[in-house]
Amino acid sequence: MKIPHSRIKLILFAFILLINSACFCFENNFNAKTDSSKTKLISFKIKLKSDNNVKINPAALKFNKHFAYSFTLDDGYRSAYLTAFPLLNGGKISNPDKNEWKIDQGGDGTISKGLFYSDGFGNKIPFKLALAVNGGSIRDLPANRGHLSWSEIKEMYNAGWDILNHGFHHATKHGTNYLKEVTENTTSIKQNLDFTMSHFVVPGGEGDAGYHLEYEKEALANGSFSVASYAGIGPVFKVDSKVNLDKMITARTFVQSSKDTISFKTMDRYLKTLDSIVKQPDPIWFNEFTHGTGNTNLWNLSMHFPDFKYYMTALADKYGVNGNDSIWMAPWQEVYEYIWLRDRIKVYYVQKNKEIEVMVELPEIPQTFRYREISLAIDSSSKFEIELNNSDFKIKEDGKTTHKQILIQLK
């Protein structure tokens, strides 16, 4: 039997380390299975300031955070661009703005400095959300349109927001061609924005009993890695061990304003629930949704902008850079892809006095993945620096400050 080159290299690496060191440390987290013929090996050195023993493991979440929070805006309403995007990313929030439906999708007209968490390396990262969009509703005219334009979606995508498949026409009624809804939307986004969506959100509405099951089936069979639907697992996931992401179907929960009044008491109840989840000792991933974020509670399934601003600002003040900085505020796709990669890498390392040789075995990553980063949690009391002689990836580290993490950025 022919042994793959990557496997030979790995065996030689392990053999040499065993000879040269009395302690060989092997981390095979979560027993992840990979096809050795398609794996890739990367390596680097850690140089310590003292020879204290060090432990290295893949971090449960990116940047070694305690919890990930994913928030999605359904249906591609323009309030996402007029209010939510400038509030989180920083910029001019729209003045009150009535759309073609005579509904106010604007905000309060203020200037936002943005809402941030940190990456642990001295950089602030703005809160990012996901948009579940229908390609058939995206258009540039009229000026007071209710849905987003192609250029607005592209701007948010370029800023790190993720775009999820929500069906081409948001069709749900009897006679819907579910396969066409899924694939036509994928094609539309690819043609106009030049990327391939890989996660699906079942559109809500009047339909035949069990119609969501048809959407789930067609989405998973045609390029989607996960589906957010009426019923399923979650929305809270423990991520301290391997997560079953295969053909994942999750339950959607919504954050929305009271029907008749703007009341921060409603938002406080949501925040209290979130706080109880975050207080769990193990790292978690929590996923929620809403629709519009303008001054009107769109279809009574949305958040008034004052509520949205209050809610997101409260999250930033408590869990972002202004608080304990424990949040990774990232869209569904970004968190999914991180956990997928985390559960499939293998980390090998050996320490000899003040030097650690590290080798990471990587799986073949799907072409439609947008994110290719992995955080390593470093358990060390010593300051350190990285020696890297490879252009295939980049490394960030906090060796001179908290010396708790390394971020590997794959190309």
Side-chain angles (χ1 to χ4, degrees), residues 72-81 84-85 99-101 103 105 129-142 145-158 161-230 232 247-250 252 254 289-293 298-299 301-302 331-333 336 366-370:
T72 301
L73 306 181
D74 272 2
D75 299 347
Y77 295 120
R78 195 164 181 238
S79 59
Y81 183 78
F85 182 57
N99 63 20
E100 58 189 318
W101 311 318
I103 292 173
Q105 288 204 90
L129 309 186
L131 302 170
V133 302
N134 316 107
S137 299
I138 302 170
R139 52 203 171 101
D140 296 323
L141 294 172
R145 63 202 134 69
H147 286 98
L148 294 164
S149 68
W150 292 110
S151 62
E152 289 166 346
I153 294 175
K154 185 66 171 179
E155 182 179 346
M156 288 187 279
Y157 179 81
N158 288 341
W161 289 41
D162 283 333
I163 311 302
L164 313 181
N165 193 336
H166 202 39
F168 187 68
H169 294 106
H170 200 281
T172 61
K173 293 184 178 181
H174 180 74
T176 295
N177 185 327
Y178 301 103
L179 172 60
K180 188 174 181 179
E181 280 291 305
V182 171
T183 57
E184 191 171 356
N185 206 36
T186 301
T187 300
S188 174
I189 299 302
K190 178 64 175 177
Q191 289 177 343
N192 288 279
L193 299 174
D194 197 29
F195 61 84
T196 300
M197 297 180 294
S198 57
H199 298 266
F200 191 87
V201 179
V202 174
E206 178 185 344
D208 296 336
Y211 84 89
H212 62 287
L213 301 177
E214 296 301 315
Y215 263 127
E216 293 168 9
K217 180 183 69 174
E218 297 297 354
L220 292 174
N222 290 278
S224 294
F225 293 105
S226 72
V227 177
S229 189
Y230 287 109
K247 299 185 182 301
M248 174 184 273
I249 298 175
T250 68
R252 273 187 299 175
F254 288 87
F289 291 74
T290 198
H291 289 83
T293 58
L298 190 65
W299 321 134
L301 294 170
S302 303
W332 174 268
Q333 180 178 347
Y336 179 100
Q367 291 184 351
T368 55
F369 269 33
R370 184 181 184 187

Colleague: Would you confirm whether Ser79, through its side chain, and Thr293, through its main-chain N or O, come within 3.5 Å as a donor-acceptor pair?
Modeller: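 Checking the backbone N and O of Thr293 against the side chain of Ser79, a donor-acceptor pair under 3.5 Å is found.
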Colleague: Kindly compute the distance separating CE (Met156) from OG (Ser151), expressed to the nearest 0.5 Å.
Modeller: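 Rounded to the nearest 0.5 Å, the CE-OG separation comes out at 9.0 Å.
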Colleague: Within the structure provided, determine whether Tyr178 and Thr183 are in side-chain contact (heavy-atom separation under 4.5 Å).
Modeller: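 Contact flag for Tyr178/Thr183 side chains = no.
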Colleague: For the residue pair Gln105 and Asn99, what are the closest heavy atoms and their distance?
Modeller: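 Smallest heavy-atom distance, with atoms named: NE2-ND2, 2.9 Å.
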Colleague: Could you tell me if the side chain of Val227 sits less than 4.5 Å from the side chain of Val202, heavy atoms only?
Modeller: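 Yes, at least one pair of side-chain atoms sits under 4.5 Å.
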Colleague: Given side chains that start at C-beta, do those of Val133 and Leu164 come closer than 4.5 Å, heavy atoms only?
Modeller: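 The answer is no, as the side chains (C-beta and beyond) never meet within the 4.5 Å cut-off.
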Colleague: Drop me the distance from Leu131's CG to Leu73's CG, to the nearest 0.5 angstrom.
Modeller: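 Between Leu131 CG and Leu73 CG, I get 6.0 Å after rounding to 0.5 Å.
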Colleague: If only atom types and distance count, is the side chain of Glu218 paired as donor or acceptor with the main-chain N or O of Leu179 below 3.5 Å?
Modeller: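 No; judged by distance alone, with no hydrogens or angles, the pair does not exist.
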Colleague: Hey, could you give me each pair passing salt bridge (Lys or Arg N to Asp or Glu O under 4.0 Å) that has a residue in residues 170-179? Not counting sequence neighbours.
Modeller: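 Found none.
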Colleague: Under the side chain to side chain donor-acceptor pair (under 3.5 Å) test, which residues partner Asp162, sequence neighbours left out?
Modeller: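 Side chain to side chain donor-acceptor pair (under 3.5 Å) list for Asp162, sorted by chain: Arg370, Tyr371.
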Colleague: What distance do Arg78 atom CZ and Ile103 atom CD1 have between them, rounded to the nearest 0.5 Å?
Modeller: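 Here the rounded value is 14.5 Å.
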Colleague: List the atom pairs, with distances to 0.1 Å, where a side-chain N or O of residues 189-201 and a protein N or O form a donor-acceptor pair under 3.5 Å, not counting sequence neighbours.
Modeller:
from, atom 1, to, atom 2, distance (Å)
Asn192, ND2, Ser188, O, 2.8
His199, ND1, Ser226, OG, 2.6
His199, ND1, Trp332, NE1, 3.3

Colleague: Looking at NE2 of His212 and CD1 of Ile249, how far apart are the two atoms once the value is rounded to the nearest 0.5 Å?
Modeller: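 One finds 8.5 Å between NE2 of His212 and CD1 of Ile249.
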Colleague: Just to verify, what does Glu155 make a side-chain contact (heavy atoms from CB on, under 4.5 Å) with, not counting sequence neighbours?
Modeller: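 So Glu155 forms a side-chain contact (heavy atoms from CB on, under 4.5 Å) with Tyr81, Phe85.
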Colleague: Side chain to side chain donor-acceptor pair (under 3.5 Å) for Thr186 and Asn222? Distances and angles first, verdict last.
Modeller: CA-CA 9 Å; Thr186 301; Asn222 290 278; over 6 Å; no
Colleague: For the atom pair CD1 (Ile138) and OG (Ser149), what is the distance rounded to the nearest 0.5 Å?
Modeller: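 The distance works out to 8.5 Å.
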Colleague: Would you please name every residue forming a side chain to side chain donor-acceptor pair (under 3.5 Å) with Asp75, sequence neighbours left out?
Modeller: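 Residues passing side chain to side chain donor-acceptor pair (under 3.5 Å) with Asp75: Tyr77, His166, His170.
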Colleague: Could you check Arg139 against Glu152 for salt bridge (Lys or Arg N to Asp or Glu O under 4.0 Å), going step by step and ending with a plain yes or no?
Modeller: CA-CA 10 Å; Arg139 52 203 171 101; Glu152 289 166 346; over 6 Å; no
Colleague: On a heavy-atom basis, which atom in Ala228 and which in Phe289 lie closest, and how many Å separate them?
Modeller: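 What the structure gives for the nearest pair is CB-CZ, 3.7 Å.
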Colleague: If only atom types and distance count, is the side chain of Asn177 paired as donor or acceptor with the main-chain N or O of Lys180 below 3.5 Å?
Modeller: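 Answer holds: yes.
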Colleague: For the residue pair Thr290 / Asp74, report whether a side-chain donor-acceptor contact shorter than 3.5 Å exists.
Modeller: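 Per modelled atom types, Asp74 and Thr290 side chains form no pair under 3.5 Å.
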Colleague: Measure from the side-chain N and O atoms of Asn165 to the backbone N and O of Val182, and report whether any donor-acceptor pair falls under 3.5 Å.
Modeller: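 Side chain of Asn165 to backbone of Val182: a pair is present.
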Colleague: Can you give me the closest heavy-atom contact between Ala130 and Pro331, atom names plus distance?
Modeller: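 The pair with the smallest heavy-atom distance is CB-CB, 3.9 Å.
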Colleague: Per the salt bridge (Lys or Arg N to Asp or Glu O under 4.0 Å) rule, what does the pair list look like for residues 198-217, sequence neighbours excluded?
Modeller: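 Output for this query lists Glu214-Lys217.
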Colleague: Within the 4.5 Å heavy-atom criterion, are Thr176 and Glu181 side-chain neighbours or not?
Modeller: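 When only atoms from C-beta onward are counted, Glu181 and Thr176 do touch, with a gap below 4.5 Å.
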Colleague: For residues Phe168 and Asn134, report the shortest heavy-atom separation together with the two atoms involved.
Modeller: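 In terms of heavy atoms, the two residues are closest at O-CB, 3.4 Å.
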Colleague: Between Tyr230 and Tyr211, is there a side-chain donor-acceptor contact under 3.5 Å, judged purely by atom types and distance?
Modeller: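 Note: Tyr211 and Tyr230 side chains meet the donor-acceptor criterion.
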